[in-house]
Amino acid sequence: MGKILKKEMRLSASVLSYLFILFGFMFFLPGYPILCGPFFVTLGIFQSFQNARETGDIVFSALLPIAKKDVVKGKFAFVCFIEGCAFCLMAVVTLLRMTVFSNATVYRANALMTANPFALGMALLIFGLFNLIFVGGFFKTAYKFAKPFVIHIVVTFLVIIAVETSHHLPGLSALNAFGFDHMGLQLALLFAGAAAYILLTVIAVKKACRSFEKIDL
Amino acid sequence: MSIAKVRNLRKEYESFLLDDVSFSLEAGRIAGFIGRNGAGKTTTIKSMLNLVHPDGGEIQYFGRPLSGNEAEIKQQIGYSTGTVSWYPRKKIREIVSVTKEFYDTWDDAAYRRYLDLFRLEENKTPRELSEGMKVKFNLLLALSHRAKILILDEPTSGLDPFSRDELLEVFEGLKKEGVAVFFSTHIISDIEKCADDIIYISGGKIRAAMPKERFREAFSLPGETLEETFLRLEREEAHG
């Protein structure tokens, strides 16, 4: 898996995939829907798929001495690597907002969602949905990516709208906890997001391996 | 010794049927795979590399089915496809340095030798190469890991006559080392010059798979060249 990941990073990846990790810093922004950050990270990953298609990467990889399913796993390894880097960046920013900036007026007066473990869990949910909808969808043809990406955009923005408005609903204000308030609930929601990410990604990998095995290149 | 066997290969498309394709490739022999455009050469080759999913039949290498042994088998296959350019904006050096890590038997000395023979520059990118040089770059990757079988899709098309001649000499050298060479072409003089066996495909069916001399005895009329034989056979096929 190390060799195929290295191939993804050196030959197939678009530099934008790496640069767009920096959208994790959007977790610093007050008055802005911070979950757009993970969406932009997925937009960067999308650029690598575009690059892969245009450079013949999928066929080149399928000709290497690896099983066909390892081509799929290599792509997922790269996607998870980028998502992991972005998540680490968002986690650092969230920790800063929970500690150093926990009482900053600009964040306290923010009508939109604050950066907390719940937000991190939802970022993982968005990544998981991207893996299932876009990456899994791409491997149905290993060529067409517009339709799965449009579906991903629609689903992600529905999730962002739902999550951003959720803490304004009666009884759900704890979702928007500042500092270390409601830590039990917050961590539970983070772990729920992580579990969703793992589950969606595992389903996506299995589905993509099955589809890729059947298609003609 | 049989290196590869294709048995009853079948692939159905809306407007084309590759039907009951069978042949075998032997160590130390060069097999020319000939047929007109659209006859089924590339579909057969892609099936042999698991790029196309056949509807039926079996492909074996070294006595083992390709299905289920893909990674190990591909270690011993060298493949090249015409003028396709992989990663057009990456330097040859970088593409090679990533690719070689996948092969247990990568041979740097052979790589250097073919790099010199083909006059390729490592600092160039595929998009900077002419069509003929792209073919050579693909061949370079196929030849540098001591493959026991070379599967080459139209390796001589786009090459100038001197390069074609050099390449056919490379095939002869590999043959002496026991490598099985299987190349598709529609340049009959290449087959005339170096093929030991002829596999002739027409309309998705194998019409002949036999040693070149037997092919001549079976199909050529007195005084007819191989090219004239193929043209006549194709005309007869077209007129039913």
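Per chain, numbering begins at 1; letters A, B, ... match sequence-line order. Predicted model only: the values in this text are computed from it and were never measured.
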For the CZ atom on B:Arg36, are there more than 12 heavy atoms of other groups (residues, nucleotides or ligands in this structure) within a distance under 6.0 Å?
no

Counting only heavy atoms not in B:Phe16, do more than 12 sit closer than 6.0 Å to its CZ atom?
yes

With heavy-atom distances below 4.5 Å as the criterion, would you say the side chains of A:Ile4 and B:Glu101 are in contact?
no

Is there side-chain contact between B:Thr99 and A:Phe60, with at least one heavy-atom pair below 4.5 Å?
yes

Chain A heavy atoms under 4.5 Å from B:Ile77: which part of the residue, side chain, backbone, both or neither?
neither

Contact summary for A:Ala67 and B:Ala71, nearest pair of heavy atoms:
N-CB, 3.9 Å

Under 6.0 Å from the NZ atom of B:Lys91, do we count more than 12 heavy atoms belonging to anything else shown?
no

Is the backbone of B:Val98 close enough, under 3.5 Å, to the side chain of A:Lys6 for a donor and an acceptor to pair up by distance?
no

Just give me the residue among A:Leu217, A:Ile66, A:Leu11 that pairs up with chain B most often, heavy atom to heavy atom, under 4.5 Å.
A:Leu11

What is the minimum heavy-atom distance between B:Tyr87 and A:Lys7, and which atoms define it?
OH-NZ, 3.8 Å

Measuring from atom NE2 of B:His53 to atom CD1 of A:Ile215, what distance do you get when rounded to the nearest 0.5 angstrom?
10.5 Å

Mind checking the CG-CG spacing from B:Leu141 to A:Leu64? Nearest 0.5 Å is all I need.
9.5 Å

What heavy-atom pair brings B:Asn50 and A:Glu213 nearest, and what distance separates the two atoms?
ND2-OE2, 3.8 Å

Is it true that, when you exclude B:Lys148 itself, more than 12 heavy atoms of the residues, nucleotides or ligands shown sit nearer than 6.0 Å to its NZ?
no

Looking at A:Arg10, is its backbone amide N or carbonyl O close enough to the side chain of B:Lys90 to form a donor-acceptor pair, meaning the two atoms are under 3.5 Å apart?
yes

Which value, rounded to the nearest 0.5 Å, describes the distance between A:Ser61 atom OG and B:Trp86 atom CH2?
9.0 Å

Contacts of residues 25-52 of chain A with chain B (heavy atom under 4.5 Å):
none

B:Tyr79 versus chain A, the contacting section by heavy-atom distance below 4.5 Å
side chain

Which heavy atom of B:Tyr103 sits nearest a heavy atom of A:Leu63, and at what distance?
OH-O, 4.1 Å

Side chain, backbone, both or neither of A:Lys214 within contact of chain B (heavy atoms, under 4.5 Å):
backbone

